[in-house]
Amino acid sequence: MNTGALILLAIAPGTALLTGFLTVVLLVWAFWPKNGLIAVLNRARMNSQRVLLEDALKFLYDCEYKREACGLHSIAGNLHVSSDTATKLLDRLRTMGLISLDEQNFHLTDTGRSYALRIIRVHRIWERYLADETGIGQMEWHGEADRREHMMSPEAADALAAQMGNPVFDPHGDPIPTAEGQMPDHKGQPLSTLQEGSIARIIHIEDEPHTIYEQLAALGLYPGMQVYVLDVTDGTITFAADGEECVLTAMFASAITVEPFEGNAPVTARHPTLASLEPGEEAEVVGISPNCRGQQRRRLMDMGIVPGTRVKAEFRSASGDPVGYRILGTTIGIRRKQAEQVFIKKLETTAHEQSA
Amino acid sequence: MEKKTQNNHEDILSLANKLRWDQGGAFHDTVIESIYAEAARIARKTVQQTGTPNAYNLDLRIDRILTSRWLGFPIMFLMLALVFWITVSGANYPSGLLAGLLIDTLHPILKNGATSIGMPWWLSGVLVDGAYLSMAWVIAVMLPPMAIFFPLFTLLEDLGYLPRVAFNMDNLFRKAGAHGKQALTMSMGFGCNAAGVIAARVIDSPRERLIAIITNNFSLCNGRWPTQILIATIFIGGAAPAYLAGVVSAGAVVGIAVLGIFLSLVVSWGLSKSVLRGEASAFSLELPPYRPPQILQTLYTSLIDRTIFVLWRAIVFALPAGIVIWLVANVRIGDLSLAEHFIHWVDPVAMFFGLNGVIFLAYIIAIPANEIVIPTVLMLTVLSTGMAGVGSGTGVMFELDSIAGTENILRSGGWTLLTGVNLMLFSLLHNPCSTTIYTIYKETNSLKWTLVSTILPIVMGLIICFFTTQLWRIVVG
Amino acid sequence: MSNQHNCENCPVHHRENLIRLGIAMDRVDYVVALAGNPNTGKSTVFNNLTGLRQHTGNWPGKTVARAEGGYSWGEKRYKVVDLPGTYSLLSTSTDEEVARDFILFGRPDVTVIVADATRLERNLNLALQILEITDRAVLCLNLMDEARRNNLEIDARNLSKELGIPVIPAAARQREGMPELIAAIEEVASGAYVCKPRRVKSQSAKLNHAISTLAGKLAADFPGLPNLNWVALRLLEGDQSIIEAVRSGDLGRLSSGVLSTSA
């Protein structure tokens, strides 16, 4: 007999329960994905010095890309460190031959630039992946990618990119550098510079600082949307974004980059969505929201959801949510969440058509 | 020369990259739109609707009933209940027949044959009592229910009903962060988890497919229903007043199955909130027109594709396991067999979880198929209690026709109502059988997810049994 | 390169690539691929052609593994490969990659596109995409019985003219149209029928410009490629397997490999 284990049976049930309960709590805490013990230890183990170095390089590259000067204070501010730490950091970068200094401004050397581009590439590929393939909320993309960029090897990033069809833009509209370090020239102009009556397309929304991005995201602004400027008065700009009216101060508007838009008449009224179509009603598809990305968007299009297609809501599922839509001769169940991304123009259903 | 062409190729690729940046992100839409526009133009020129679309209108009427708020779910439960009822009741007779042939008739003949050609006792033990018997057992108990369940399920599939089930159930699974089609893999899992895992192929999003695969084991499969029914009849029915015994034990079994469904949703939710994070992704499900199934072909293909496929995998694992079962019961160290050593050593730990050493050992060595757990438990109980006059010999699995006889053996092995309850829980919540584990590995191609699917249910089972036991000790005393 | 078209009875499939794609190529004259949307009765057509019993599931994504079979007709042996049913070839799911890579790299002698006659418009979406890749195809207009029940009339001759490939109305469950399909496959395989597939031009001038720029470059490096514009478009879409085929030069073998292996 296993005498050692026999002691187990002598434990009073109350004590056993308590111990058991604590064990379960401990296990859950240890393995909890984001804030659990193992996750926290893993993060702490990551070389924080390297992370700072890489973040500094990234920031310097960003300044260079936007052709802005970059001094000690802006670096310290961006990395949230004291100027003392920043000075030490920059010294290290210089001895490593990654940056050079002239007249108070720092510049990347070629080695430094390609290092920075490697990190930026991983960051943006991760953002793209999170946006397209996981359905993780947009407020979390940046932070998650900030963590991953220091852990993922360039090879792993290449494999991830290949699997997604080698994207060239991240979900905020920033170009993704190629594996060889190529980058296109900076394009577009800030929304704040547009005149009244002009039409443009959003090509980029700056995701830093977080507080500004949060507000822009809350307004439902995405790259790919059409903006039509309704009014510019000192300090604020009023515009319709895919028909929805928004008012922004100049500071917020400068976080949005736009590109003048060739083509159609401005959209001034918001279209209803497919989700608003009641069973029996018919509509014509106008478009899919730019917020619907990646595989989701492609699936919808493969099903025939393209501008001009006629759609008829046929029946709800027994539990109410997916609704069966008649699209190009096939009944397809689509969840409310996806249906909300499809803009439509309702059609009058005549009695004749209903019987046909 | 070689180098020059190589450079040209790279030039093309970097040109492509530049052009891509110029194009911006959204030209894929344009491409698809152009193709659809062309398709619409051609269709307008070549297709003419000359009257009412009769077949479609009929489909629509059927769909309105099958997905209606009031009738949708009742019809679904009736259909699935019917399938299970036909499976369970229809399998009894052929199972008995097969057992009579393979176990009661052929096994003694083989045994005598082995003796008559002068085979040493240990070799005939390993081969006939071990390998052959466990294989025979697996065939007898697995083949009939599967041969009934799979064709029925496939018929529903061919008819076009199963996509409607997914459509109706999607809301529930969406809330758990999973895919509506998981309702189907789950139902399939009630027949056989390995088949349920394979069926998860119809889910095209990798994240949700993985969730469906990991949680499939929470569907009480065919191999576990008989165990549940037997134990519930003996211990739970036995504890209830005689006139209620049937209802109570049936209720307990259904309760376990429902607990399984509940846990599979909870685990799906947990996974989709943690390691497989992300909201439920794109769901678009084609609801195909109803078509009369081609019955003969369905019978043929579901037998070949599913039944024989799964059975073959089970047999491959049952053979070595049979040998192991025989060996642990017959190889002796000192006075006791390996099995007895293990059982005695592990008994206190197992009791702490409300089970016993026999159960632990049985679940380890009967890993090829849940169907042979009870025969193994009986054999080990007889072995470890040194009971005389029962069973067919050391290391030879057996089952008794009489429930009373089975109860006798278990009770003398120290089983109580608590052991019964815990066994039912543990039978729901333990590692998948080796066939399923192997299938999970084949399907996911990942050791990590195979391990997660294997270990997660054991941990959950031990935790739930532990709390049940300790609470029981407080409440019942 | 020019004698490729003169050789009427030569198979065009790419033997090496097919073997690499896992197809046993012993005693095969022609390779026929079966493509189509899910739920079009593709597997029934496959079973009718080959006499095998593949399961016809009423599910998208059912044919996850590729099924193969064969038949003989007019002293020629045909290998039939059933590709996964897909809605499109332009997304990035595994099914679509399998189907697309087979048509592109395996270069089947004929690709039979099985379409559901009751929803032609939807099925034409895939058919047009396939015609971008290959110029040897037959459209099998399946489920004509259902179309008749729904009072749909389809002008098959006009459709054939529009698509530039043979169109065979069929009802595979009743074995209707199967002899005609086999005959059409033979005509396209042997070169007796020369397809002039419809190629869709995109509506965006900017995109067309990019495609023609890239296609011009490709034409210089990979002469004789039958689907330049499509390859250019796939490069613009960042399709990894095409990028790799360009980088390694494998794409070149698609155009010139045929002659070197069959000569």
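This is a predicted model, so every value here is computed, not measured. By convention in this document, chain letters (A, B, ...) are assigned in the order of the sequence lines, proteins followed by strands, and residues within each chain are numbered from 1.
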Undergrad: With a 4.5 angstrom heavy-atom cut-off, which part of A:Thr330 approaches chain B: side chain, backbone, both or neither?
TA: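 For A:Thr330, the contact with chain B is made by the side chain alone.
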
Undergrad: Let me know if A:Val323 has heavy atoms under 4.5 Å from chain B in its side chain, its backbone, both or neither.
TA: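 Answer is backbone: N, CA, C or O of A:Val323 sit under 4.5 Å from chain B.
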
Undergrad: Name the member of B:Ile35, B:Ile463, B:Leu60 that forms the most heavy-atom pairs with chain A at distances under 4.5 Å.
TA: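 Of the options given, most contacts go to B:Leu60.
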
Undergrad: Heavy-atom distances under 4.5 Å only: say whether A:Ile176 touches chain B with side chain, backbone, both or neither.
TA: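 Only the backbone of A:Ile176 comes within 4.5 Å of chain B.
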
Undergrad: Please say whether more than 12 non-hydrogen atoms of neighbouring residues, nucleotides or ligands are located less than 6.0 Å from CZ in B:Arg41.
TA: yes

Undergrad: Checking heavy atoms, do the side chain of A:Pro167, its backbone, both or neither come under 4.5 Å from chain B?
TA: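 Answer is backbone: N, CA, C or O of A:Pro167 sit under 4.5 Å from chain B.
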
Undergrad: At a 4.5 Å cut-off on heavy atoms, which part of B:Phe466 comes close to chain A: side chain, backbone, both, or neither?
TA: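 Contact with chain A involves the side chain of B:Phe466 alone.
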
Undergrad: Which heavy atom of B:Glu208 sits nearest to which heavy atom of B:Gln182, and what is that distance?
TA: O-OE1, 4.4 Å

Undergrad: Determine which pairs satisfy ring pair (Phe, Tyr, Trp, His ring centres under 6.0 Å) with at least one residue from residues 284-314 of chain A, sequence neighbours left out, and list them in order.
TA: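 Passing the test, one end in residues 284-314 of chain A: no pairs.
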
Undergrad: Which atom pair, heavy atoms only, marks the closest approach of A:Arg335 to B:Gly180?
TA: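 Residues A:Arg335 and B:Gly180, closest heavy atoms: NH2-N, 3.9 Å.
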
Undergrad: Only pairs of heavy atoms separated by less than 4.5 Å count here; which of B:Trp70, B:Phe73, B:Tyr56 has the most with chain A?
TA: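 Option with the top pair count is B:Tyr56.
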
Undergrad: Within 45 degrees of the ring normal and closer than 6.0 Å to the centroid, is that where the cationic atom of A:Arg316 sits relative to B:Phe167?
TA: no

Undergrad: For the interface with chain B, which of A:Val306, A:Thr331, A:Val24 has the highest count of heavy-atom pairs at distances below 4.5 Å?
TA: A:Thr331

Undergrad: With a 4.5 angstrom heavy-atom cut-off, could you sort out which part of A:Phe21 is near chain B: side chain, backbone, both or neither?
TA: both

Undergrad: Using side-chain heavy atoms (C-beta onward) and a distance below 4.5 Å, is A:Arg293 in contact with A:Pro171?
TA: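 Of all side-chain heavy-atom pairs linking A:Pro171 with A:Arg293, at least one is under 4.5 Å.
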
Undergrad: Taking everything shown except A:Arg326 itself, do over 12 heavy atoms lie less than 6.0 Å from its CZ?
TA: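 More than 12 within 6.0 Å, yes.
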
Undergrad: Contact part of A:Arg297 toward chain B, heavy-atom cut-off under 4.5 Å: side chain, backbone, both or neither?
TA: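 Side chain only.
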
Undergrad: Name the option with the most non-hydrogen atom pairs under 4.5 Å to chain B; the candidates are A:Gly287, A:Gly320, A:Gly224, A:Gly304.
TA: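 So the answer, after comparing A:Gly287, A:Gly320, A:Gly224, A:Gly304, is A:Gly304.
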
Undergrad: Using atom types as modelled, flag every donor-acceptor pair under 3.5 Å from a side chain in residues 348-357 of chain B to any protein atom, sequence neighbours excluded.
TA:
| residue | atom | partner | partner atom | Å |
| --- | --- | --- | --- | --- |
| B:Asn356 | OD1 | B:Val358 | N | 3.1 |
| B:Asn356 | OD1 | B:Ile359 | N | 3.0 |

